[in-house]
There are 4 protein chains.
Amino acid sequence: MSEQEKLIDEWFHQEEGLTEKQKKIVAAAIESFAAKGYAATSTSEIAKKAGVAEGTIFRHYKTKKELLLAIVAPMMAKFIAPFVINDFNKVLNHDFERFEDFLRAIIENRVKFLIKNMPLFRILIQEIPFQPELREQFKEHIANKIIERFRIIVEHYQAKGQIIEMPPYSVIRLTVSTVFGFIIARYLLIPEAQWDDEEEIERTVHFIMHGLTPPRSQ
Amino acid sequence: MSEQEKLIDEWFHQEEGLTEKQKKIVAAAIESFAAKGYAATSTSEIAKKAGVAEGTIFRHYKTKKELLLAIVAPMMAKFIAPFVINDFNKVLNHDFERFEDFLRAIIENRVKFLIKNMPLFRILIQEIPFQPELREQFKEHIANKIIERFRIIVEHYQAKGQIIEMPPYSVIRLTVSTVFGFIIARYLLIPEAQWDDEEEIERTVHFIMHGLTPPRSQ
Amino acid sequence: MSEQEKLIDEWFHQEEGLTEKQKKIVAAAIESFAAKGYAATSTSEIAKKAGVAEGTIFRHYKTKKELLLAIVAPMMAKFIAPFVINDFNKVLNHDFERFEDFLRAIIENRVKFLIKNMPLFRILIQEIPFQPELREQFKEHIANKIIERFRIIVEHYQAKGQIIEMPPYSVIRLTVSTVFGFIIARYLLIPEAQWDDEEEIERTVHFIMHGLTPPRSQ
Amino acid sequence: MSEQEKLIDEWFHQEEGLTEKQKKIVAAAIESFAAKGYAATSTSEIAKKAGVAEGTIFRHYKTKKELLLAIVAPMMAKFIAPFVINDFNKVLNHDFERFEDFLRAIIENRVKFLIKNMPLFRILIQEIPFQPELREQFKEHIANKIIERFRIIVEHYQAKGQIIEMPPYSVIRLTVSTVFGFIIARYLLIPEAQWDDEEEIERTVHFIMHGLTPPRSQ
DNA sequence: GATGAATGAGCGTTCATTCAT
DNA sequence: GATGAATGAACGCTCATTCAT
């Protein structure tokens, strides 16, 4: 998987036939979009930061919005790739005896992906409210495909009695919002606090599994 | 409390000495800021939607940003008001025997506030990444004041053995992100889905209290 | 003359039936027009400085330009008044045996008037290039009336052999530009330098009378 | 010197790497600034007159004020250039036996320069009261540098007994205001009058040299 | 393929002026 | 007579996009 992962992660920076200038443009755009938002970033600023002429941007990307999508779309694709690849799914279903193990694997894998690509993740969640195309892509890929796969997994663990009876979508919602809540708090809202990452992830997993109630009280 | 609450909620729309035109401007701005974002909303658009001349906006708000802050700041103030009012806090500490009761009360009260003011909530979370002034106010009011009060409450219930041993800030983070995760999914991301609100809130409270693991597995 | 003078000078501030508010408006306008120029001074700024509502300005002066003219026109009138009053002229023609005496009297009188009303003088010379109405008034009053009177005076002293043969208009031009050159240098261009006013005026009069030619030529 | 002079005068219109559009912008701006003043001239008007898009102005000059300075600064530089060039100064000190010759040379040279660049001169003296940057440049270049050189020259002729004993700065002030008085009257205030330029310059020189007093009358 | 000058629509903001109170 | 909210045209300036070189 790590092999696979590496390949996927390096997709962006080495594949897709991006020219040297294009890479600079994309890097500059990511930096500025993440920092100031798409709407508040001017193409001239991107050009300056990338060290290219303003026209060069429009040679590669017909419009500013196309540049945004060219940045965020592959990131979404890479994020979901591991879920989509059949082998990976099979592994999932058989390798993890317990839901907790599955959860840890997800966090190990996908959360680290997001952390590694934090500026892109930031752009994604910052711009999704404003860009219908982005929202569309997001819903199509994440909602429609991934959630279905998750549903099957959740039902699998529910059948095993490891997850309480509850509509799978609610399970997903609760799990996902807890995990994303950690990433957002940790890396976007309060990055300056002192975080014991391992401990905090442990607490997060424990919370998803057991909630806030101590064992004895039940 | 509901008396108090009502008064507070109606602050914005009826008090503050807003003239008729000002109210129209604010309403138009809320609508557009929520829909397209602050940066992508032009003052001329706001003026048109409000049915006033563009100059009128600037008579009441020196800059476009001042208009944004004039919209969002009172909303934050009203959101935290119940936590700040001492009586309310006292009530909190004595009236709710169980953390779960406290949690339900909070959801009953503050979540409904947010739902009622969803466009304002939307603007707040959409613009916080881009507006340092907003972030500053948010941190000052929410982070520094509310979180401290929450910490005391959490420690109170921890002392009672109703919450597991865990840094209070982690308890808060997990609780808050679960609750906000519900609001965002329900009202912003997937409002078009069919939601059984009461059931879903029940599941969310249950999740915070007990996690996903069934009672017997422990 | 000093009686007359006083009356004239106080015209502006006490007569003309200016209400209290009007006086404040005029004072504020003079201050701002002198400092930043007519075009760069906003009526709202004047209103604020005068402590009146913006509408009040337009109740008394139909337009901003009318306010300017209402300020500068009486100043021109007062400047030329002594020349126009017949008695004064008679006095001129008979009292001053020598051109030099006449010159000193003029400086004593009219230059002091300008110094006393420096902000108004400043506005006048700053705005004359841009305000045709002002230029018109200036030409009509100063050029057409005063210059004629001066011409007669110059010819009078030329007949007496006290002024060299030269077109009177040239004599006037040279005299006036020397005197105005002093005022402008002294009060507008380099007011911060240390000036020995009496000496400098003496040199100016001497220059006009004898020029830069050393004694030998006399 | 005439070679040198020509080069300098043509600097502005042919050198400096001004593009065709820039030249049109500058020409249009000079025309409008001179006619209506900087503050009363809009950039859209300049663009229209220059036959370019309004954005083009701001591509070449970051702000409207920068355009003003880009117009006036080189003019000041060119005006003082001959005084600064050492050879010229040397010539001055040795070639002109008499102060009068020096004066004629200055008028021949620098006054003709101003006449040739009258719109620029007009802008300079019209805007100096309102533009601190302009005033600063003016003082730094003209006041601090040129006046010093003039002082030396004046003292030189005073030592020769050709100029009466008087503080050199006063000599400069009187001379300069007389010369400028001529230019302003001739070209700005009353250009429509019939002027016999040669005669009038002769009278001006004569006035400066000998004053209004006939030699024999004293 | 890359450039950057040129564009003109649109931006946030200011302005002199009006008018109901 | 005085007010100040309201106006909308005009302002200086920025922007994404085009295109000749």
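Numbers restart at 1 for each chain; the letters A, B, ... are given by sequence-line order, proteins then strands.
Checked against dT7(F), dA6(E), dA2(F), the side chain of Lys21(B) finds its nearest nucleotide in dT7(F).
In this structure a side-chain-to-backbone donor-acceptor pair under 3.5 Å is missing from Glu127(B) to Ile123(B). In terms of modelled atom types and a separation under 3.5 Å, the side chain of Thr56(C) and the main chain of Val52(C) share no donor-acceptor contact.
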| request: Could you give me the CA-CA distance, side-chain angles and deciding distance for Leu67(A) and Phe58(A), then say whether side chain to side chain contact (heavy atoms under 4.5 Å, CB included) is met? | output: CA-CA 9 Å; Leu67(A) 172 59; Phe58(A) 290 92; over 6 Å; no

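Rounded to whole Å, atom C1' of dT3(F) lies 18 Å from atom CD of Glu20(C). One interatomic measurement links the two molecules: CG of Leu67(C) to C1' of dC15(E), which rounds to 15 Å at whole-angstrom precision. For Lys36(A) and dC15(F), the NZ to C1' distance is 12 Å, given to the nearest whole Å. We find that CD1 of Ile57(D) is positioned 13 Å from P of dG8(E), with the value rounded to whole Å. Straight-line distance from the CG atom of Leu68(B) to the P atom of dT13(E): 12 Å, rounded to whole Å. Atom NE2 in His60(D) sits roughly 17 Å away from atom C1' in dG12(F) (whole-Å rounding).
Nearest-nucleotide positions on DNA chain E place Thr56(D) closer to the 5' end than the other of Thr56(D) and Tyr61(B). Along DNA chain F, the nucleotide nearest Gln22(B) and the nucleotide nearest Thr19(C) are compared for position; the residue whose nucleotide lies closer to the 5' end is Thr19(C).
Residues Phe138(A) and Val72(A) form no side-chain contact, since every pair of their non-hydrogen atoms from C-beta on lies 4.5 Å or further apart. Proximity of Gln22(D) to Tyr61(D): side-chain heavy atoms (C-beta onward) are separated by under 4.5 Å at one or more points. Side-chain atoms of Leu69(D) and Gln131(D), non-hydrogen and from C-beta on, never get closer than 4.5 Å to each other.
Base pairing in DNA chain F yields stems of at least 3 consecutive Watson-Crick or G-U pairs, both distances under 3.5 Å, namely E:2-21 with F:2-21.
Stacking of Lys64(B) on the aromatic ring of Tyr38(B) is recorded, both the 6.0 Å distance cut-off and the 45° axial limit being met.
Looking at residues two or more places apart in sequence or on another chain, you find a side-chain hydrogen bond (donor to acceptor under 3.5 Å, both in side chains) between Glu54(D) and Thr43(D). When the salt bridge (Lys or Arg N to Asp or Glu O under 4.0 Å) test is applied to Lys48(C), no partner is found at least two apart in sequence or on another chain. Taking Phe121(D) as the reference, Phe180(D) meet the ring-ring contact (aromatic ring centres under 6.0 Å, His included) condition, with sequence neighbours excluded.
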Extract from the structure each pairing of a protein N or O with an N or O of nucleotides 16-18 of chain E at less than 3.5 Å, listing the distance.
unit_1	atom_1	unit_2	atom_2	d
dA16(E)	OP1	Thr41(C)	O	3.2
dA16(E)	OP1	Lys64(C)	NZ	2.8
dA16(E)	OP2	Thr43(C)	N	2.6
dA16(E)	OP2	Thr43(C)	OG1	2.9
dT17(E)	OP2	Lys64(C)	N	2.7

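Residue Lys24(C) qualifies as open at atom NZ: its count of foreign heavy atoms under 6.0 Å is 12 or below.
Of the residues in residues 46-53 of chain C, those placing a heavy atom less than 4.0 Å from an atom of DNA chain F are Val52(C), Ala53(C), in numerical order.
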